[in-house]
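Note sheet for the following structure.
Below, read A as the first sequence line, B as the second, and so on, with proteins coming before strands; counting in each chain starts at 1.
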Protein chains: 2
Amino acid sequence: MKNIEKKAFEFCIANKERLTLPRQLVLKIIARNKKPLKAYDLIDKLRSRLVNIKPPTVYRALDFWQKHNFIHRIESLNAFCICSEDKLHKGAQFIICNSCGEVVESDSCNLPKIIDEFLKKNTFKPLKWNIEINGICQNCS
Amino acid sequence: MKNIEKKAFEFCIANKERLTLPRQLVLKIIARNKKPLKAYDLIDKLRSRLVNIKPPTVYRALDFWQKHNFIHRIESLNAFCICSEDKLHKGAQFIICNSCGEVVESDSCNLPKIIDEFLKKNTFKPLKWNIEINGICQNCS
DNA sequence: TCTCCCTTGATAAATAATAACATTAAAACA
DNA sequence: TGTTTTAATGTTATTATTTATCAAGGGAGA
Ligand SMILES: [Zn+2]
Ligand SMILES: [Zn+2]
Ligand SMILES: [Zn+2]
Ligand SMILES: [Zn+2]
């Protein structure tokens, strides 16, 4: 998982953003966790590295990485996971196993055609979107 | 908006469910509101009709109607709206205007093909899904 | 060094949801 | 009808999640 850290480092250099300790640690912990993490799980895990860590610090780091497409928020879980795609994308889709909790992302660069048609019918200009599918994964079925 | 109340009444008869006062009022208020309502907005609106209304009462009614597909929860807004479809459906999609807050539902009886293929590739059995699209509506553009 | 600006620290509060147990009342049954 | 059973609500308290606000720190450029 060094990859994501390298990517983050290079991103910050290129965009003159500061790779502060809270940001580094938040990203690293999310990246190393197989499953999405809730904000307070993250806080617990950070406690050993950042004394007296408080929610705002974590939420700020989460906002930062979200804004720059390094992580996503899974709305139906109130949890955060690493973006598994290498490029910026306006929409993401997640399949979430109800049994084991595993989450897999696949980006959707373009909205499915049937949705696109619905948007056209409503003259609606999409900016970002989120697709969360609950079900049973291969391992659990 | 009498329709939804009639539908609810008939549903409860047919399924031997109880159409209690909290349930009635919660459904009615959501139905009469053009925009999705947050749980605590609902509580405020209920205060005049149900003395000493408390969160659990409202959340129970919300769970009830959600379970029976009369309302949906918009995950990205923490808010609830009436289901605009007449049939039970496993998935729903919402377009949410970032400017005026209007939300429009269209059911998606079937998942878009491109998503379906992704699920097949992952041997994932979908049970329910949720698609939320943010953007700008016709009125606001 | 000084200043500006971004980031974090710290305190507090707002917002959202649930747990647990008591009470009530409708439904089921004898 | 009277009794039992079940489901829903009432009540109190707590937990979970997120944000607001202002003070303090620290790096980059003048
Ligand atoms: Zn992604
Ligand atoms: Zn699974
Ligand atoms: Zn619906
Ligand atoms: Zn609008």
Roughly how many Å is it from [atom1] in [X] to [atom2] in [N], rounded to a whole number?
X	N	atom1	atom2	answer
A/R49	C/dT8	CZ	P	16 Å
A/L19	C/dT8	CG	P	10 Å
A/E17	D/dG27	CD	P	16 Å
A/I74	D/dT17	CD1	P	14 Å
B/Q66	C/dA16	CD	C1'	14 Å
B/N15	C/dA27	CG	P	14 Å
B/I53	D/dA8	CD1	C1'	13 Å

Q) When you match A/N52 and B/K38 each to their closest nucleotide on DNA chain C, which lands nearer the 5' end? A) A/N52
Q: Take B/N78 and B/R18, find for each the nucleotide of DNA chain C with the closest heavy atom, and name the residue whose nucleotide sits nearer the 5' end.
A: B/N78
Q) Would you call the rings of A/F94 and A/H72 parallel, tilted or perpendicular, where under 30° means parallel and over 60° means perpendicular? A) perpendicular
Q: Give B/R60 one of three labels, base, sugar-phosphate or nothing, depending on what nucleic acid heavy atoms sit under 4.0 Å from its own.
A: base
(Q) Regarding A/P56, tell me which of base, sugar-phosphate or nothing describes its non-hydrogen contacts under 4.0 Å with the strands shown. (A) base
(Q) Measuring to OP1 and OP2 of D/dA8, would you say a side-chain N or O of B/T20 lies under 4.0 angstrom away? (A) no
Q: Tell me whether the OP1 or OP2 atom of D/dT9 has a side-chain N or O from B/T57 closer than 4.0 Å.
A: no
Q. Checking A/E102 side chain against A/C137 main chain: does a donor-acceptor pair fall under 3.5 Å?
A. no
(Q) Using a 6.0 Å cut-off, check whether atom CG of B/D86 has over 12 heavy atoms from anything other than its own residue. (A) no
Q. So which one's nearest nucleotide on DNA chain D is more toward 5', A/Y40 or B/R23?
A. B/R23
Q. Is A/D116 salt-bridged to A/K120, cutoff N-O under 4.0 Å?
A. yes
